[in-house]
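One structure is given here, and the rest of the page talks about it.
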Amino acid sequence: MAGRLRKKRFALFLSLLARTNKPVRILDIGGTQNFWEVMGFRADDGISVMLLNLQKEPVELPGLTSMAGDARKICLPDNSFDVVFSNSVIEHLYSYAEQKLMASEVRRLAPRYFVQTPNRYFPIEPHFLFPFFQFLPAEMRIWMVRHFSVGWFPKTPDCQQASRIVRSIRLLTRKEFLGLFPEATLFEETVFGIRKSFIVYGGWEHSDS
């Protein structure tokens, strides 16, 4: 299901990208080569992608490059790219203030953006894969991570490390996400009629093909 949603999400992104003159320079905050490979990326499409992560990602595909950096403060000039893309990253910042910093960098670095994040109110927490995990008291979440493998995270007995894992994810509500990108168009991904995640995109009205 997650794979189908990603492909549907990427189809929306490609429909927007088709309205933009080539060549197109994309900054993918938190991206991987595997993601673009699975999505059928080809350099001969007139598209180049720079991946930005806390540590430089290894890349081999032509047209794909990589750099290390912090999404809250990216050491690049304004409008260094044509598009900023980010998939399920902004919720990995610890606070709403830090998420605002990333949103500001997204808008600064390109005239167009496409950003996705899970819905805080979807019943299954997408990282820990446990029903309503995000609403449990922090102490209980930390206890679970210390004593069990939960979702994508292996059992982590160390209390401080478990606390860092739990507190490193701050899911956003619809209102909060739109507050970060007030000028954006919002698209809602649903599963069985329930909002699973949100996409905001902006600047595409200025695109031309």
Side-chain angles (χ1 to χ4, degrees), residues 2-93 98-118 126-127 152 172 177 180-187 189 197-209:
R4 287 197 300 271
L5 282 174
R6 276 194 296 269
K7 288 187 177 180
K8 186 176 180 180
R9 184 183 310 153
F10 200 69
L12 172 60
F13 176 65
L14 290 179
S15 73
L16 294 169
L17 205 59
R19 295 157 42 185
T20 307
N21 284 329
K22 306 296 189 298
V24 178
R25 301 161 301 160
I26 298 173
L27 175 66
D28 181 359
I29 299 177
T32 64
Q33 175 174 284
N34 179 256
F35 172 84
W36 289 92
E37 216 167 4
V38 169
M39 295 302 154
F41 170 76
R42 297 194 309 274
D44 57 8
D45 287 336
I47 299 169
S48 60
V49 179
M50 168 76 77
L51 308 178
L52 182 135
N53 292 276
L54 290 174
Q55 296 180 341
K56 190 174 180 179
E57 288 277 313
V59 294
E60 298 174 354
L61 291 180
L64 206 62
T65 54
S66 177
M67 66 176 288
D70 187 327
R72 297 164 297 183
K73 185 174 177 58
I74 301 170
C75 298
L76 291 170
D78 294 359
N79 292 315
S80 293
F81 300 88
D82 301 298
V83 178
V84 173
F85 177 93
S86 187
N87 187 67
S88 292
V89 172
I90 198 165
E91 72 275 10
H92 288 272
L93 296 174
E98 292 185 330
Q99 290 166 341
K100 281 184 178 179
L101 292 175
M102 175 176 165
S104 178
E105 289 294 85
V106 166
R107 293 195 301 271
R108 181 182 71 82
L109 286 166
R112 306 169 192 85
Y113 59 82
F114 186 98
V115 180
Q116 183 270 353
T117 195
H127 307 90
W152 301 105
L172 288 148
F177 198 36
L180 297 176
F181 301 94
E183 71 290 337
T185 299
L186 175 73
F187 179 82
E189 296 179 323
S197 62
F198 305 118
I199 296 168
V200 288
Y201 55 92
W204 301 92
E205 63 274 13
H206 305 302
S207 299
D208 46 44
S209 53

Partners meeting side-chain contact (heavy atoms from CB on, under 4.5 Å) with [X] (sequence neighbours left out):
X      : result
Thr117 : Ile90, Glu91, Leu172, Phe177
Arg42  : Asp44, Asp45
Val89  : Ile29, Ser86, Met102
Asp78  : Arg108

In chain order, what residues pass the side chain to side chain donor-acceptor pair (under 3.5 Å) check against [X], with sequence neighbours excluded?
X      : result
Ser88  : Gln116
Glu183 : Tyr113
Glu189 : Arg9, Ser197

From [X] [atom1] over to [Y] [atom2], what is the distance, rounded to the nearest 0.5 angstrom?
X      : Y      : atom1 : atom2 : answer
Leu109 : Ile74  : CG    : CD1   : 5.0 Å
Ile47  : Leu14  : CD1   : CG    : 7.0 Å
Asn79  : Arg107 : CG    : CZ    : 13.0 Å
Ile26  : Met50  : CD1   : CE    : 12.5 Å
Trp152 : His127 : CH2   : NE2   : 10.0 Å

Determine the minimum heavy-atom distance between [X] and [Y], stating which atoms define it.
X     : Y     : result
Leu16 : Thr20 : O-OG1, 3.7 Å
Phe81 : Leu76 : CE1-CD1, 3.6 Å
Phe41 : Pro62 : CE2-O, 3.4 Å

*Look only at the side chain of Ser15 and the backbone of Leu12, and say whether a donor-acceptor pair between them is shorter than 3.5 Å.*
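Confirmed, Ser15 side chain pairs with Leu12 backbone.
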*Among residues two or more places apart or on two chains, list those pairs meeting ring pair (Phe, Tyr, Trp, His ring centres under 6.0 Å) that have a residue in residues 42-71.*
none
_Pair listing, ring pair (Phe, Tyr, Trp, His ring centres under 6.0 Å) test, anchored in residues 5-32, at least two apart_ = Phe10-Phe13, Phe10-Phe35, Phe10-Trp36, Phe13-Phe85, Phe13-Phe114
*How would you list all residue pairs meeting salt bridge (Lys or Arg N to Asp or Glu O under 4.0 Å) that involve residues 24-41, not counting sequence neighbours?*
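Sorted pair list: Arg25-Asp82.
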*Which pairs count as side-chain hydrogen bond (donor to acceptor under 3.5 Å, both in side chains) when at least one residue sits in residues 63-76, sequence neighbours excluded?*
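For residues 63-76, and leaving out neighbouring residues, the side-chain hydrogen bond (donor to acceptor under 3.5 Å, both in side chains) pairs sorted by first residue read Asp70-Arg72, Arg72-Glu98.
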*Is there a side chain to side chain contact (heavy atoms under 4.5 Å, CB included) between Trp204 and Val83 once you walk through the steps?*
CA-CA 9 Å; Trp204 301 92; Val83 178; 3.6 Å; yes
*Please say whether more than 12 non-hydrogen atoms of neighbouring residues, nucleotides or ligands are located less than 6.0 Å from NZ in Lys22.*
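Yes, because the 6.0 Å sphere around NZ of Lys22 holds more than 12 heavy atoms from other groups.
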*asked:* According to salt bridge (charged side-chain N to carboxylate O under 4.0 Å, His left out), who are the partners of Glu57, at least two apart in sequence or on a separate chain?
replied: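 If we apply the salt bridge (charged side-chain N to carboxylate O under 4.0 Å, His left out) test to Glu57, skipping adjacent residues, there are no hits.
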